[in-house]
Amino acid sequence: MAMNLRIREDQQEALKLRAEQEGRSMHAIVLQAIDRYLEVEADRESVKRLGAKYAVGHADLLRRLGE
């Protein structure tokens with residue numbers, strides 16, 4: 001599936017400059033940013049899920065620690 005990405009002019013200029021400095025394409029940088037975002041959000045969801053699991057399992061301990 002193809003997608004058109006519209007970014008602000010200042011973002012495009014900054015991206016173009018960064019791409020030139022790194023000797024990479026703007027496309028490659030955007031793909032890397034998307035991959036990083038997806039990885040961070042997947043990690044965040046895992047942490048949230050595990051936190052909820054252990055909070056239930058250790059509710060008494062957590063309550064006592066809070067006293």
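The figures that follow rest on heavy atoms only: side chains count, while hydrogens, waters and symmetry mates do not.
- Counting heavy-atom neighbours within 6.0 Å of E9 CD, excluding the residue itself, gives a total of 12 or less.
- Residues S25 and A19 come closest through the heavy atom pair C-CB, 4.0 Å.
- Through side-chain heavy atoms spaced under 4.5 Å, either directly or across other Ile, Leu, Val, Met, Phe, Trp or Tyr residues, L15 is tied to M3, L5, I7, M26, I29, V30, I34, Y37, L38.
- Under a 4.0 Å N-O distance rule, the pair E45/K48 qualifies as a salt bridge.
- The backbone N or O of R8 lies less than 3.5 Å from a partner atom in the side chain of Q11, making a donor-acceptor pair.
- The residues E41 and R44 are annotated as salt-bridged, a charged nitrogen and a carboxylate oxygen being separated by less than 4.0 angstrom.
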**Worked check of side chain to side chain contact (heavy atoms under 4.5 Å, CB included) between Q32 and R24** = CA-CA 11 Å; Q32 181 182 26; R24 300 169 60 200; 3.0 Å; yes
